[in-house]
Visitor: 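I have a structure I would like to understand better, so I am pasting it below and will then ask my questions one at a time.
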Amino acid sequence: PQARQVRSVPLARKIARRSPMRRPSSSRRSRWCGRPISSSVRRRKPGQNRGRPPRRDARAGSASGEGGSLAVIPDMQALAIIDMQRWMFRLPDRAAQLPAVVPAINRLAAAFSARGQPVFDVGVSHNADGSTWSRLMRKHDYACMIEGTADAEPVDGLDLPASRRRIRKTANSAFLGTDFEKQLRALRVSELVLAGAFIDGCVALTAADAAQRGFEVCLVDDAIAYRDERHRDMMMEWLGDMYELTVLTTQAACAARGAP
């Protein structure tokens, strides 16, 4: 008998004939892609809080006082003040933020210190010989933030407690190439509160790094400067959506510690 001919069907056509895969909902796709879902801070419903009490956005306000309140105070929080150094604020649009940001940071540091909670002074400091320079510093042969120079000095008016712990870094994230995480673990810190410079720079990268290392992270909105105002809200939204961070005002953060 004559053999039956079998026609080969291209693989792409076979796949096309199958029932289409159900795509995730728009909200789930947004969560996967890291795009803003609804606001700068992720608000979880009581059933979605993974066993923890719900966290509240201080910018939403509260009936009890200005700026809202912190719903949960973990056993140990630490404050990290990032890169409040002269070189960072050398440009006029950055320097114009100092009259508002510096007093907010000083107030935060005093409140943490009064409660016996650790305060970290994180800053950039490079060697003059170029051994610690970043890729862009080497690429453009541009020296900055050299240890012992005015560039690396704190901005005027910054008043941090004598008990502060200093972290010297040479990269954007406070965790990269430092013992910052080791110190936090030794202190049994569960939540890291961030202030300083910049939300579209080292603050954001430190926040993302901390979240990926298992720390809860809180951004103090009015105590964080920016490089470019166009990026500020975008970075707040991305961090809040991607890592479910908390955003507070200085007023709310201090009130949570019993400070005026």
Side-chain angles (χ1 to χ4, degrees), residues 40-41 52-85 88-89 97-123 154-167 174 180-181 183-199 202-204 206-207 210-211 215-226 232 236 239-240 243-260:
S40 61
V41 177
R52 296 191 299 267
R55 304 171 69 83
R56 296 176 57 191
D57 180 0
R59 287 189 281 189
S62 72
S64 59
E66 179 186 351
S69 61
L70 182 63
V72 178
I73 300 293
D75 292 338
M76 179 58 75
Q77 290 180 316
L79 172 66
I81 299 160
I82 311 292
D83 295 353
M84 290 300 293
Q85 297 164 276
M88 296 293 185
F89 294 89
Q97 301 173 57
L98 289 174
V101 172
V102 170
I105 290 176
N106 291 345
R107 186 180 173 193
L108 277 172
F112 271 76
S113 181
R115 285 287 295 269
Q117 295 178 316
V119 176
F120 287 86
D121 180 10
V122 182
V155 297
D156 293 340
L158 190 66
D159 184 17
L160 303 183
S163 60
R164 69 187 180 277
R165 298 165 178 262
R166 290 184 174 88
I167 300 291
F180 187 35
E181 182 176 7
Q183 292 195 43
L184 293 174
R185 300 292 183 197
L187 293 166
R188 305 183 69 84
V189 169
S190 55
E191 180 162 5
L192 188 61
V193 179
L194 296 178
F198 295 102
I199 187 58
C202 296
V203 172
T206 298
F215 295 99
E216 296 292 340
V217 181
C218 172
L219 303 173
V220 185
D221 193 0
D222 53 343
I224 299 175
Y226 54 81
R232 183 181 179 279
M236 284 284 190
L239 288 167
Y243 299 109
E244 297 186 354
L245 308 189
T246 301
V247 177
L248 291 177
T249 62
T250 300
Q251 169 68 24
C254 290
R257 287 158 184 82

Visitor: Shortest non-hydrogen contact from A259 to A111?
Guide: CB-CB, 3.9 Å
Visitor: What distance do E191 atom CD and L245 atom CG have between them, rounded to the nearest 0.5 Å?
Guide: 9.5 Å
Visitor: With the side chain counted from C-beta on, respond yes when M236 and D221 share a heavy-atom pair under 4.5 Å apart, and no when they do not.
Guide: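 Side-chain contact under 4.5 Å: yes.
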Visitor: Quick check: does any side chain N or O of Q117 sit under 3.5 Å from a backbone N or O of L79, one acting as donor and the other as acceptor?
Guide: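 Judged by distance alone, no pair lies under 3.5 Å.
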Visitor: Considering non-hydrogen atoms only, spot the tightest contact between A197 and C202 and give its length.
Guide: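 Closest heavy-atom pair between A197 and C202: O-CB, 3.9 Å.
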Visitor: For the pair F198 and F89, evaluate ring pair (Phe, Tyr, Trp, His ring centres under 6.0 Å) and give the outcome as yes or no after the intermediate values.
Guide: CA-CA 10 Å; F198 295 102; F89 294 89; 5.4 Å; yes
Visitor: Kindly give the heavy-atom pair with the smallest separation between T206 and A174, and that separation in Å.
Guide: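 Heavy atoms of T206 and A174 come nearest at OG1-N, 3.1 Å.
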Visitor: Looking at every heavy atom in both V119 and S113, which two are closest together, and how far apart are they?
Guide: CG2-N, 4.3 Å
Visitor: Of V247, L194, V193, which is the lone residue that meets side chain to side chain contact (heavy atoms under 4.5 Å, CB included) with C218?
Guide: V193
Visitor: Are any of the side-chain heavy atoms of Q85 and L158 separated by less than 4.5 Å?
Guide: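 A side-chain contact under 4.5 Å is absent here.
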Visitor: Could you state the interatomic distance from OG1 (T249) to CG (L219), rounded to the nearest 0.5 Å?
Guide: 12.5 Å
Visitor: Is there a donor-acceptor pair under 3.5 Å between the side chain of D156 and the backbone N or O of L98?
Guide: no
Visitor: For a salt bridge (charged side-chain N to carboxylate O under 4.0 Å, His left out) check, start with the C-alpha distance between D159 and R164, then their side-chain angles and the critical distance, and finish with the verdict.
Guide: CA-CA 11 Å; D159 184 17; R164 69 187 180 277; over 6 Å; no
Visitor: Determine the minimum heavy-atom distance between I224 and A195, stating which atoms define it.
Guide: CG1-CA, 3.8 Å
Visitor: Taking the side chain as every heavy atom from C-beta outward, state whether V203 and D83 have any atom pair closer than 4.5 Å.
Guide: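 V203 vs D83: side chains apart.
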Visitor: For R165, check side chain to side chain donor-acceptor pair (under 3.5 Å) against everything at least two apart and list the hits.
Guide: none
Visitor: Kindly compute the distance separating CG (L108) from OG1 (T250), expressed to the nearest 0.5 Å.
Guide: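 If I round to the nearest 0.5 Å, the distance is 4.5 Å.
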Visitor: Considering all heavy atoms of both residues, which atom of R107 and which atom of C254 are nearest to each other, and what is their separation?
Guide: CG-SG, 3.6 Å
Visitor: Among residues at least two apart in sequence or on other chains, which ones pass side chain to side chain contact (heavy atoms under 4.5 Å, CB included) with A78?
Guide: P118, F120, L184, V189, L192
Visitor: Listed by chain and number, what are the side chain to side chain contact (heavy atoms under 4.5 Å, CB included) partners of A204, not counting sequence neighbours?
Guide: M235, L239
Visitor: Taking side chain as C-beta onward, heavy atoms only, is M84 less than 4.5 Å from V101?
Guide: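 Sidechains of V101 and M84: in contact.
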